[in-house]
2 protein chains.
Amino acid sequence: MPGSDKGSDTTVERMPAAELVAVLAAVDGANPVVLSVDSEPPSALRALPSGPMEPGHRSLQAGVRSWVERQTRHPLGHIEQLYTFADRGEGGPRAVSISYLALTRIGTTPLPGWRGWYAAFPWEDHRSATGRAASEVLLDALERWCGPVRARRQRARALFGRDGVPWHPEWVLQRYELLFEAGLIAEAGHPAPLAETGTAMWHDHRRILATGIARLRAKIQYHPVVFEMLPDSFTLLHLQQSVEAIAGRLVHKQNFRRLIAAQELVEETGQMSAGTGRPARLYRFRGDVMRDRAVVGTKLPR
Amino acid sequence: MPGSDKGSDTTVERMPAAELVAVLAAVDGANPVVLSVDSEPPSALRALPSGPMEPGHRSLQAGVRSWVERQTRHPLGHIEQLYTFADRGEGGPRAVSISYLALTRIGTTPLPGWRGWYAAFPWEDHRSATGRAASEVLLDALERWCGPVRARRQRARALFGRDGVPWHPEWVLQRYELLFEAGLIAEAGHPAPLAETGTAMWHDHRRILATGIARLRAKIQYHPVVFEMLPDSFTLLHLQQSVEAIAGRLVHKQNFRRLIAAQELVEETGQMSAGTGRPARLYRFRGDVMRDRAVVGTKLPR
DNA sequence: TCCTTTATGCTCAACTTGAGCATAAGTGGG
DNA sequence: CCCACTTATGCTCAAGTTGAGCATAAAGGA
């Protein structure tokens with residue numbers, strides 16, 4: 001192998017184990033959810049599914065896919081690697097965890113274990129006034145923590161968007177890390193200093209989840225991955241609500257439709273939806289356009 | 001640990017060693033370069049610097065930084081994780097390699113080992129007619145390989161941008177993988193079927209480099225990372241050429257300046273450049289705006 | 001019937017982007 | 001000194017994109 005200081009064979013003994021961690025995301029109506037395991041109390045979001053890496057797959061990707069599909073009995077849509085973390089186990093060998101984001105549909109038979117992801121990040125849901133209020137409260141607390149340090153205050157304001165600074169849905173991880181730095185995050189040990197601080201998760205799973213949400217929010221703007229989380233046929237409102245659920249903010253309905261129409265990502269099935277209000281046309285995703293353009297955006301209007 | 005089928009202790013023995021691989025990028029005038037090691041013949045791009053992961057750092061990031069800085073004696077600017085690969089070592093334990101992208105300046109004392117990255121990807125340099133021609137030749141070959149399969153042809157055209165389809169600089173990895181699939185990539189074993197196919201690299205380093213270039217091209221559009229690769233003071237032309245070198249395509253000069261001016265990312269030093277043609281103002285990067293906005297774009301006009 | 005709810009079509013102003021025109025200010029050669 | 005050549009810099013214009021709102025349609029229930 002090339003490289004300057006390649007380790008000797010003894011190095012191998014010190015080498016870390018690798019673990020896979022999955023952020024398995026779906027949308028249940030207007031509620032974005034992830035699969036959670038080992039909940040105590042039940043129905044709380046506590047830990048992401050994880051397991052050891054197994055030899056014998058063509059790629060890590062394939063390994064994650066078959067492992068998750070075996071566990072959940074759900075076919076997976078889009079899957080992508082998030083990040084690799086190394087934790088030092090008290091100065092000794094380090095455990096490497098490789099995290100993945102995978103998208104799926106909640107079928108008609110929802111598994112137990114799906115939990116709304118905003119339980120862990122109340123301030124990230126800017127669709128509702130309560131979510132926005134949580135974000136305000138945290139920004140206040142952050143500014144107290146910042147003290148007179150100008151750079152810090154500016155960073156806080158840029159991330160949490162006050163005073164005309166726009167709110168960027170995809171900066172989930174940066175916001176989480178700032179809150180963490182400021183000691184405002186409830187972790188397993190110490191209790192939450194504020195009510196708006198969200199539920200704690202096992203080990204570093206909350207950070208991994210933040211990474212996953214951030215990636216998904218970013219991706220949704222330039223790649224039609226939402227459709228991996230929708231049923232075969234859906235109304236435009238359904239599509240819009242899924243996008244809003246993920247992005248954590250509302251969009252202008254007419255503009256959203258204009259955008260969707262312009263991109264020719266969907267086609268009418270010819271059928272209409274039932275339900276309250278005027279019936280809406282049902283659409284299906286046109287998988288074929290993916291090949292024409294390789295990448296197409298869904299773009300979020302404000 | 002939570003998770004469904006957590007491995008027993010015996011699993012640990014099968015676990016892979018982890019190796020770090022760095023794509024260390026810089027810009028030399030109008031030439032984008034990466035640090036290469038172990039060149040044979042010398043001055044060829046053969047392998048990326050790599051080494052074993054060492055315990056004792058706060059994070060992987062910090063480990064890579066100190067390792068690369070020790071090797072190259074260059075301070076690193078931006079550094080980010082690219083991807084984690086697992087290669088199966090003949091069905092046995094897998095080697096995990098964690099790859100990183102790091103940016104730096106080539107100081108006044110250039111290290112040996114910097115090589116133009118387009119040697120490995122001639123078709124990615126759309127600044128020159130020869131690069132565009134290489135891209136055309138490869139697309140022709142691809143279309144022959146595709147045969148009548150419509151979906152394949154469409155994918156090839158979308159990626160290589162023919163017939164009015166726009167060329168997307170950041171789809172480096174996808175293009176590489178398509179060429180690879182089509183058997184058009186020269187790898188260590190078999191020779192190149194075409195002249196335009198670029199130089200082979202050790203193991204999977206060419207894929208890693210492709211990932212790094214892709215990430216850098218994408219990043220440059222919404223984060224001012226170019227400045228990490230420029231000297232303290234520079235002319236707007238210098239800045240533009242660096243961007244063009246990375247993006248692999250030319251931009252409209254006046255629009256580029258308008259964009260830079262609008263973003264207030266740079267300020268005049270008051271001095272002028274010497275050299276051929278009318279002297280130009282020298283600028284420096286305003287590091288302080290980074291904090292105000294958290295993220296600022298450099299955006300590439302066509 | 002009227003009220004509530006959701007669907008859908010259309011317009012407008014503000015802003016962004018791609019492209020080009022024109023002029024300025026250096027250098028080196030006749 | 002004037003000219004060709006090179007790079008710098010200011011400005012305009014047409015198209016396209018985006019944010020926001022007006023208006024109307026079609027269903028169900030009180």
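Please read all numbers here as calculations on a predicted model, not as lab measurements. Below, chains carry the letters A, B, ... as their sequence lines are ordered, and counting in each starts from 1.
Put simply, CD1 on Ile260(B) is 17 Å from C1' on dG10(D), counting in whole angstrom units. Between Arg257(A) atom CZ and dG9(C) atom P there is a gap of 7 Å when expressed in whole angstrom units. Distance CG (Asn255(A)) to C1' (dT11(C)): 12 Å, rounded to an integer number of Å. Taking atom OH on Tyr283(B) and atom C1' on dA8(D), their separation rounds to 9 Å, with Å as the unit. Distance CD (Gln263(B)) to P (dT16(C)): 11 Å, rounded to an integer number of Å. As rounded to whole Å, 15 Å separates atom P of dG10(D) from atom CZ of Phe256(B). Atom NE2 in His252(A) sits about 14 Å away from atom P in dA7(C), given to the nearest Å. Rounded to whole Å, atom P of dA7(C) lies 14 Å from atom CD of Glu268(A).
Electrostatic pairing of Arg162(B) and Asp140(B) counts as a salt bridge here, judged by a charged N lying under 4.0 Å from a carboxylate O. Salt-bridge formation is detected for the pair Arg157(B)/Glu143(B): a Lys NZ or Arg NE/NH1/NH2 atom is positioned less than 4.0 Å from an Asp or Glu carboxylate oxygen. Salt bridge absent: Glu228(B) and Arg105(B) never bring a charged side-chain N and a carboxylate O closer than 4.0 Å.
With hydrogens and angles disregarded, a donor-acceptor distance shorter than 3.5 Å links the side chain of Gln221(A) to the backbone of Arg217(A). Panel note: side chain Tyr118(B), backbone Ala245(B); a donor-acceptor pair is recorded below 3.5 Å. Glu196(A) places no side-chain N or O within 3.5 Å of a backbone atom of Val137(A) that could act as its donor or acceptor partner. Judged purely by atom type and a 3.5 angstrom limit, Thr104(B) uses its side chain to pair as donor or acceptor with the backbone of Pro75(B).
Here Arg281(B) reaches the OP1 or OP2 of dT9(D): one of its side-chain N or O atoms lies under 4.0 Å away. For Lys253(A), no side-chain nitrogen or oxygen approaches OP1 or OP2 of dT6(C) to under 4.0 Å.
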- Query: What is the per-nucleotide protein-contact pattern of nucleotides 23-30 of chain C, from the 5' end, where B denotes a base atom under 4.0 Å from a protein heavy atom, S denotes such proximity for sugar-phosphate atoms only, and - denotes neither?
  - Reply: -BBS----
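Contacts between residues 231-238 of chain A and DNA chain C, counted as heavy-atom distances below 4.0 Å, involve Leu237(A).
Between Arg258(B) and Gln254(B), the residue whose closest nucleotide on DNA chain C is further toward the 5' end is Arg258(B).
A cation-pi arrangement, defined by a distance under 6.0 Å to the six-membered ring centre and an angle within 45 degrees of its axis, is present between Arg175(B) and Trp167(B).
For residues 268-279 of chain A, there are no side-chain hydrogen bond (donor to acceptor under 3.5 Å, both in side chains) pairs, not counting sequence neighbours.
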